[in-house]
Amino acid sequence: METSDLLRHQVINNLMARHPENVADAALSLWEQMAAQIISIVGEGGFNSLYTRSVFLTQSTFPWLAASALSPQAEHRFAQLKISFEGQTPAEASAANSLLLLTFTDILAALIGEQLTTSILRSAWGNDAFGSTVKEFKNE
């Protein structure tokens, strides 16, 4: 596994660990930020296809995860995802969102490459999300 792949996975896990008390809102924030960046590159249909495939694959581990289509309105795009998370314990919702994000970014990286995927995530979530993880990663 490439170093950047491990870094991307670590960043996702660290971001989810930051908000253990408000998992649903934290998760939606990550998805909304990432969606904005990806939609600007591959369009809404491309993003929706990647998201739908990621949910389908993640449902084998978390069958309660919402499988409905994304709302076409940006402000309600992840409403069903939020409802799914709110119906679970914070730990379960966090684990599901981490796996969903990992699955989504793994598919994206397979399609467009690790370097571009990491660049998109850095644009979406900011350098500080990567900064602390890079320091931790180098110390291991």
Side-chain angles (χ1 to χ4, degrees):
M1 194 174 268
E2 290 182 15
T3 301
S4 55
D5 186 37
L6 292 173
L7 174 62
R8 176 171 46 86
H9 287 197
Q10 250 187 332
V11 166
I12 289 169
N13 290 328
N14 286 346
L15 287 170
M16 285 311 303
R18 287 184 183 176
H19 305 283
E21 69 290 338
N22 200 356
V23 174
D25 288 336
L28 262 55
S29 176
L30 293 175
W31 279 103
E32 288 166 354
Q33 293 165 353
M34 185 174 65
Q37 293 297 315
I38 295 171
I39 288 170
S40 71
I41 297 168
V42 300
E44 189 128 3
F47 176 84
N48 291 349
S49 294
L50 291 171
Y51 178 81
T52 301
R53 178 69 178 152
S54 300
V55 169
F56 174 78
L57 293 172
T58 305
Q59 283 178 324
S60 64
T61 305
F62 300 99
W64 48 263
L65 202 58
S68 64
L70 294 172
S71 171
Q73 300 168 331
E75 63 273 4
H76 301 294
R77 180 175 288 126
F78 300 107
Q80 288 300 315
L81 183 63
K82 183 175 183 177
I83 291 168
S84 290
F85 289 154
E86 288 175 339
Q88 305 302 315
T89 65
E92 185 80 357
S94 181
N97 191 56
S98 290
L99 182 58
L100 184 59
L101 283 167
L102 291 170
T103 302
F104 184 94
T105 60
D106 286 349
I107 294 169
L108 186 62
L111 293 171
I112 66 172
E114 188 63 40
Q115 194 171 26
L116 184 53
T117 299
T118 300
S119 177
I120 290 168
L121 295 178
R122 191 179 305 269
S123 294
W125 298 333
N127 284 328
D128 59 331
F130 283 79
S132 61
T133 304
V134 169
K135 289 175 191 167
E136 290 172 19
F137 188 76
K138 287 181 180 178
N139 290 333
E140 289 182 356

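Keep in mind the model is a prediction, meaning the values are calculated, not measured.
- Note on ring orientation: taking the six-membered ring where Trp is involved, the planes of Trp31 and Phe78 are tilted (angle from 30° to 60°).
- With rounding to the nearest 0.5 Å, the separation of CZ in Arg53 from OG1 in Thr58 is 10.0 Å.
- A distance-only check finds no donor-acceptor pair linking the side chain of Trp64 to the backbone of Ser84 [under 3.5 Å].
- To the nearest 0.5 Å, the span separating CG on Leu99 from CG on Asp106 amounts to 9.0 Å.
- Ile39 approaches Glu44 most closely through the heavy-atom pair CG2-N, 3.8 Å.
- Taking OG1 from Thr118 and CG from Leu7, the interatomic distance works out to 6.5 Å, rounded to the nearest 0.5 Å.
- Partners of Thr89 according to the side-chain contact (heavy atoms from CB on, under 4.5 Å) rule, which considers only residues two or more places apart in sequence or in another chain, are Ala91, Glu92.
- Among pairs with a residue in residues 93-105, none fulfils salt bridge (Lys or Arg N to Asp or Glu O under 4.0 Å), at least two apart in sequence or across chains.
- Both Ile107 and Leu116 are part of a single hydrophobic cluster, where members link through side-chain heavy atoms under 4.5 Å apart.
- In this structure, the side chain of Ser29 does not engage the main chain of Asp25 through any donor-acceptor pair within 3.5 Å.
- Between Val11 and Arg122, every side-chain heavy-atom pair lies at or beyond the 4.5 Å cut-off.
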Before you tell me yes or no, could you show the steps for Arg8 and Glu114 under salt bridge (charged side-chain N to carboxylate O under 4.0 Å, His left out), namely the whole-Å CA-CA distance, both residues' side-chain angles and the distance that decides it to 0.1 Å?
CA-CA 9 Å; Arg8 176 171 46 86; Glu114 188 63 40; 2.7 Å; yes

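- Using a 4.5 Å heavy-atom threshold, the side chains of Leu81 and Tyr51 count as touching.
- Note: Leu100 CG to Gln59 CD = 9.5 Å, rounded to the nearest 0.5 Å.
- In terms of modelled atom types and a separation under 3.5 Å, the side chain of Ser119 and the main chain of Gln115 share no donor-acceptor contact.
- Under a hydrophobic clustering in which Ile, Leu, Val, Met, Phe, Trp and Tyr are joined whenever their side-chain heavy atoms come within less than 4.5 Å, directly or via other members, Ile83 and Leu65 fall into different clusters.
- Ile41 places none of its side-chain heavy atoms less than 4.5 Å from the side chain of Ile112.
- Looking at Thr52, its side chain never comes within 3.5 Å of a backbone N or O of Ser49 through a donor-acceptor pair.
- One N or O on the side chain of Asn13 and one on the backbone of His9 form a donor-acceptor pair closer than 3.5 Å.
- Considering CE of Met16 and CG of Leu102, their distance stands at 10.5 Å, rounded to 0.5 Å.
- Shown here are the salt bridge (Lys or Arg N to Asp or Glu O under 4.0 Å) partners of Glu86, two or more places apart in sequence or in another chain: Lys82.
- A 4.5 Å side-chain heavy-atom check between Met34 and Thr105 finds at least one atom pair inside the cut-off.
- In this structure, Leu111 and Leu50 have side chains that are in contact, with non-hydrogen atoms separated by less than 4.5 Å.
- Phe104 is not listed as a side-chain neighbour of Ile12, based on a closest heavy-atom distance of 4.5 Å or more.
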